[in-house]
Amino acid sequence: MGTREELARRIEELLDARAPTSSICPSDAARAADPDGWRDLMDDARAAAGRLAAEGRVEVTQRGQVVDVATARGPVRIRRPR
């Protein structure tokens, strides 16, 4: 399984384990995939979130507003669509 696919699975698992109104940080998925090397996975985690968002499975937000993770600068959150 590729890194982005694994990270997408981790994002889904983390969101499934939380309340429907909760969100996660891409770093949560990266840490779940590789607790020691998570920083190296951050670009892939954001890309995985972008793919899930394009499929309508999640929303990527910044300051509470839905954004395109490909163009967002700075910290983002991932949540289920509302």
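The figures that follow rest on heavy atoms only: side chains count, while hydrogens, waters and symmetry mates do not.
- Without hydrogens or angle criteria, Q62 side chain to R73 main chain gives a donor-acceptor distance under 3.5 Å.
- Residues P26 and I78 meet the side-chain proximity criterion, which asks for heavy atoms closer than 4.5 Å.
- Taking CG from D34 and CG from D44, the interatomic distance works out to 11.5 Å, rounded to the nearest 0.5 Å.
- Note on D16 versus R80: salt bridge recorded, some NZ/NE/NH1/NH2 to OD/OE distance being below 4.0 Å.
- Of the charged side-chain nitrogens involved, at least one lies within less than 4.0 Å of a carboxylate oxygen, so that E6 and R10 count as a salt-bridged pair.
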Query raised in the report: Where do L52 and E12 land on the side chain to side chain contact (heavy atoms under 4.5 Å, CB included) test, with the steps shown first?
Result: CA-CA 9 Å; L52 290 170; E12 296 266 29; 3.6 Å; yes
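- Two residues are said to be in side-chain contact when any heavy atoms from C-beta on lie closer than 4.5 Å; I24 and L15 meet this criterion.
- Panel note: side chain D28, backbone C25; a donor-acceptor pair is recorded below 3.5 Å.
- The environment of CG in D43 is sparse: at most 12 heavy-atom neighbours from other residues, nucleotides or ligands sit within 6.0 Å.
- Here the shortest heavy-atom pairing between A29 and I11 reads CB-CG1, 3.6 Å.
- No donor-acceptor distance shorter than 3.5 angstrom exists from the side chain of R31 to the backbone of W38, with no hydrogens or angles considered.
- Contact check for R82 versus T21: side-chain heavy atoms found under the 4.5 Å cut-off.
- Contact detail for V67 and A72: the closest heavy-atom pair is CG2-CB, 3.9 Å.
- For CD of Q65, the number of neighbouring non-hydrogen atoms (other residues, nucleotides, ligands) closer than 6.0 Å is 12 at most.
- Closest approach of A48 and A8 over heavy atoms only: CB-N, 3.8 Å.
- Between the R57 side chain and the A53 main chain, no donor and acceptor come within less than 3.5 Å of each other.
- Using a 4.5 Å heavy-atom cutoff, the side chains of R79 and V66 are in contact.
- Side-chain contact between V76 and R46: present, with at least one pair of heavy atoms (C-beta onward) separated by less than 4.5 Å.
- Of all heavy-atom pairs between L41 and A33, the closest is CD1-CB, 4.0 Å.
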